[in-house]
Chemist: 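Sharing a structure with you now.
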Amino acid sequence: MFKSILEAFKNLFKPVRTINYPAQEITLPSGYRGLIEHDHEACIYCDKCEKVCPPGAILFFQKESGDKEYRYNPWLCIYCGECVRACPKPQEALWQSETKQQSGVKEDSANEGWFVWEEACKKSRETYAVAKKTPKSKIKSEEPLCVS
Amino acid sequence: MKKTIQIPLGSQHISLLEPIRFKFECENERIIGVDADVGFVHRGVELACTRSFEFKQVGYVVARVCGLCAITHSLSYTLAVEKLLGYVANDRIKYLRMLMVELDRIHSHMLCLAHTAENAGFEALFMQIMGDRELVMEVQEAISGNRVQFDYISIGGVNRDLTSDLCDLIRKNLTILSEKMEILTGLFDNNWSLSLKYKGVGVLSLEDAYTYNALGPLARASGLATDVRAETSDFPYEALGYTMILESTGDIHARNFVRLREIVNSITMCQNIVDNLPIGEIQEKVKGKPKGEDIIRIEAPRGELFYLVRGNGTNMLERVRIKTPTFSGIPAMMEVFKGSQYADAPAILASFDPCMSCTAK
Ligand code: SF4
Ligand code: SF4
């Protein structure tokens, strides 16, 4: 009993244990799982990352020319790193950075914008599949809105 | 004339971390009947596992059932699927998985101890334990790359390896922690005001523990020798210094002591794991799709966690059933409340370490 009173008294003179965030920076440990980054040049567009991603945070928009466009939702991503492990060219085409994602605000339209993209990507594939079957017919796909 | 009054506790209450509702039938201050409702945070995880996600992704989904024992959930699921695929992990993978589960146990028990102290009116001790708990959280964050959602275990292995820097950090932090645990144990044992709130309060007898199927620290505090770690052979617990911790009185004090001593035991195990880590791959290829049905039991911090996985040879599973420790322990918990004072109810409840988001999932 007296021990804990003494301990409590001593605690009064000990330094503060909490961090004065945001005035003081929090240091992340090295190897922190942060945002996924993609390199357009190195990627072979095999779609493996898109398939393994649990929440579906990576999508590819199929252009009519046959190229694909990489799209990533940093707010949907759970930073599991599964996509990087599935990628045939990890660290070159796709890698996990140590950057922490900032919270989304309304202007980012993290949800609505993404829904539009999801829809557009799905549609682009369908249109492309149809276009491939009937090569001469010209089908125009709509340009989707941007997330950010 | 009716002699009893009904007093509810929850679903929103200052002493509760999570939504649960108890309806106490009280006679003066004494509780004579209890009614519990737990389904406030139902999220439909089980159905999502079979409808929206492929079996390789489900491990990341079930990890979100609970924030505290995320590792235990993903491990149980992964083990069940690996069993169906006929894969047995090598020793390094087993050791690394065990390390994370034991670290998880340490910080979960510390949270419970802190919370019990808080509900007994000892706010300063709550702060102290939560401060010390950071030592473990730091280690877990460094190992897995994230503080809460570890996403460390995947089918066929673990996602990250231990470097020598990490081993040093683990050794350093665990040594500091074991010194702190000694001070804490002394405090829980000798502090007079704490013993007023804990000793002889919320007693679960051995007989009741047996009848109502208590599990985890709740059962062990009553002297019921049940621990999945001792009953299954998925992990080499015996070789790494596991001992079953038993107390006999079955009150809050005993539950605290089971937790305190289990933390010390887990620290020893973690140190042994780091010192004797076998060499091997950390990620192996597992082929095939799950077909058939299998169950797995793992000792989560709160007791036995049970998983049933049924697959039909496709990417989508047929059934994922999760039975969490709190859910199984509810009958025993309700029994403990009967006969105790209403004023003690928050402390008793905290000493069960209930996890509602697990239970309702
Ligand atoms: S880290 Fe995980 S959630 Fe994020 S994009 Fe990769 S696979 Fe998807
Ligand atoms: S897995 Fe890698 S190479 Fe394949 S599409 Fe994704 S980033 Fe490109």
Side-chain angles (χ1 to χ4, degrees), chain A residues 1-21 26-36 47-58 74-88 90-91 94-101 118, chain B residues 48-49 52-64 74 122 124-125 127-128 130-132 134-135 137-157 159-163 165-166 169 183-184 186-196 283 315:
Chain A
M1 187 69 204
F2 291 109
K3 239 175 153 184
S4 46
I5 292 177
L6 196 69
E7 188 73 20
F9 190 70
K10 270 201 267 172
N11 276 344
L12 284 177
F13 304 100
K14 280 188 189 157
V16 185
R17 281 172 86 171
T18 45
I19 298 171
N20 195 10
Y21 184 81
I26 291 179
T27 42
L28 296 172
S30 72
Y32 178 82
R33 298 202 320 263
L35 291 174
I36 301 296
D47 290 2
K48 275 195 179 145
C49 49
E50 184 186 14
K51 279 195 197 100
V52 295
C53 179
I58 293 179
W75 294 284
L76 188 60
C77 177
I78 57 172
Y79 319 111
C80 59
E82 210 41 35
C83 48
V84 180
R85 284 189 286 279
C87 182
Q91 310 311 330
L94 201 67
W95 65 94
Q96 187 151 29
S97 68
E98 292 187 12
T99 335
K100 196 173 170 182
Q101 169 61 14
E118 261 180 343
Chain B
C49 291
S52 320
F53 297 95
E54 293 177 5
F55 80 94
K56 279 190 181 151
Q57 303 170 339
V58 169
Y60 297 104
V61 181
V62 291
R64 272 125 189 105
S74 56
F122 204 157
L125 185 59
M127 291 297 181
Q128 191 182 332
M130 289 307 262
D132 297 343
E134 281 310 300
L135 290 166
M137 301 297 284
E138 216 174 82
V139 169
Q140 282 192 310
E141 185 174 9
I143 296 177
S144 69
N146 199 307
R147 204 181 128 91
V148 178
Q149 284 303 342
F150 309 116
D151 290 337
Y152 185 68
I153 293 166
S154 55
I155 296 171
N159 292 341
R160 284 154 160 254
D161 204 358
L162 274 192
T163 56
D165 283 354
L166 275 177
L169 178 75
I183 302 173
L184 269 186
L187 210 69
F188 270 95
D189 205 13
N190 299 325
N191 191 295
W192 178 70
S193 54
L194 274 184
S195 69
L196 273 186
Q283 183 70 251
N315 266 332

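We name chains A, B, ... by the order of the sequence lines, and we start the count at 1 in each one.
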Chemist: Taking everything shown except Met127(B) itself, do over 12 heavy atoms lie less than 6.0 Å from its CE?
Modeler: no
Chemist: Any chance you could measure Thr18(A), atom OG1, to Met130(B), atom CE, to the nearest 0.5 Å?
Modeler: 13.0 Å
Chemist: Is it the backbone or the side chain of Lys14(A) that comes under 4.5 Å from a heavy atom of chain B, or both, or neither?
Modeler: neither
Chemist: Which pair of non-hydrogen atoms, one from Phe53(B) and one from Pro54(A), has the smallest distance, and what is that distance?
Modeler: CE2-O, 3.1 Å
Chemist: Work out which heavy atom in Gly145(B) is nearest to a heavy atom in Tyr32(A); give both atom names and the distance.
Modeler: O-CD1, 3.5 Å
Chemist: Counting C-beta onward and ignoring hydrogens, is there a side-chain heavy-atom pair between Arg17(A) and Asp132(B) closer than 4.5 Å?
Modeler: yes
Chemist: Counting C-beta onward and ignoring hydrogens, is there a side-chain heavy-atom pair between Val52(A) and Lys56(B) closer than 4.5 Å?
Modeler: no
Chemist: For Ile78(A) and Asp151(B), which heavy atoms make the closest approach, and how far apart are they?
Modeler: O-OD2, 3.8 Å
Chemist: Check each atom of Phe150(B) against the heavy atoms of chain A and say whether the ones under 4.5 Å are side chain, backbone, both or neither.
Modeler: backbone
Chemist: With chain A, which of Val61(B), Val58(B), Asn146(B), Asn159(B) has the greatest number of heavy-atom pairs at distances under 4.5 Å?
Modeler: Asn159(B)
Chemist: If I compare all heavy atoms of Arg160(B) with all of Arg33(A), which pair ends up nearest, and what's the gap?
Modeler: NH2-CG, 3.3 Å
